[in-house]
Amino acid sequence: MLVSACGSSEPEAAPEAAATTAAPTTTARQPVDAAGFMKKLSAGKGDLLSVEPMKQANIICDQLDAGEAPAAVAAATLTRLNTDYAAQGGGGNPILGLAAWDAFKANVLTVNSAIYVCPEHEDAVRASVR
């Protein structure tokens, strides 16, 4: 109960209900070896350099920090690449039902994110994502 300066009392207002779900946040991290991370992603045609690799690595590491299984993180990465970066993926042909990005590239991004950006997850990711 709140007491006003006049001595009268009013019932205390109920606190506003907090949102039960928070928007996902991405923690900005620094890779343990930025040059090594970019070199690994530049292998082949270097398409992974066009998908904002540090942004992707932060998302991947946040998902791993939240306890998501490495294989599920790799699958979510593949979906995100095909949804958000389809034009940069090259090789896709929607008429034939071929996605721009494949599981191999998503796995490369997931594994190298764990190795270079959140190494505390490296062993689990290497054991699960190939």
- Side chains of Asp65 and His121 in contact at under 4.5 Å (non-hydrogen atoms): yes
- Message: Would the distance check show the side chain of Ser50 and the main-chain N or O of Asp47 forming a donor-acceptor pair, the cut-off being under 3.5 Å?
- Response: yes
- Check ion pair Asp84-Lys55 (N to O, under 4.0 angstrom): no
- Measure across Asn82 and Ala100 and return the closest heavy-atom pair with its distance rounded to 0.1 Å. OD1-N, 3.2 Å
- Message: I'd like to know if the side chain of Asn112 reaches the main chain of Phe37, judged simply by a donor and an acceptor atom lying under 3.5 Å from each other, with no hydrogens or angles considered.
- Response: no
- Item | Contact check, side chains of Leu64 and Cys118, non-hydrogen atoms, under 4.5 Å | yes
- To the nearest 0.5 Å, tell me how far Asp102 CG sits from Leu78 CG. 7.5 Å
- Look at atom CD of Gln30 and say whether more than 12 heavy atoms of other residues, nucleotides or ligands are closer to it than 6.0 Å. no
- Item | Heavy-atom donor-acceptor pair, Thr83 side chain to Arg80 backbone, under 3.5 Å | no
- Under a 4.0 Å N-O cut-off, is there an ion pair linking Asp62 with Arg29? yes
- Message: Is there a side-chain contact between Trp101 and Thr77 in this structure, where contact means two heavy atoms from C-beta onward sitting under 4.5 Å apart?
- Response: no
- Message: Has Asn107 got a side-chain atom pairing as donor or acceptor with Ala74's backbone, closer than 3.5 angstrom?
- Response: no
- Task: Would you mind reporting whether Val108 and Lys40 have side-chain heavy atoms less than 4.5 Å apart?
- Result: no
- Query: Do Leu48 and Pro53 have side-chain heavy atoms sitting under 4.5 Å apart?
  - Reply: no
- How long is the gap from NZ on Lys105 to OH on Tyr85, to the nearest 0.5 Å? 15.0 Å
- So, for Val129 and Ala71, which heavy atoms are closest and what is the spacing to 0.1 Å? CG2-N, 3.9 Å
- At their closest point, which heavy atom of Pro70 faces which heavy atom of Thr110, and how far apart are they? O-CG2, 4.5 Å
- Starting at CD of Gln56, measure out to CG of Leu81 and round the result to the nearest 0.5 Å. 6.0 Å
- Query: Is it true that Val32 and Ile115 fall in one hydrophobic cluster, defined by side-chain heavy atoms closer than 4.5 Å?
  - Reply: no
- Atom pair CG/CD of Asn58 and Glu52 - distance to nearest 0.5 Å: 11.0 Å
- How long is the span from the CD1 atom in Ile60 to the CG atom in Leu109, to the nearest 0.5 Å? 4.0 Å
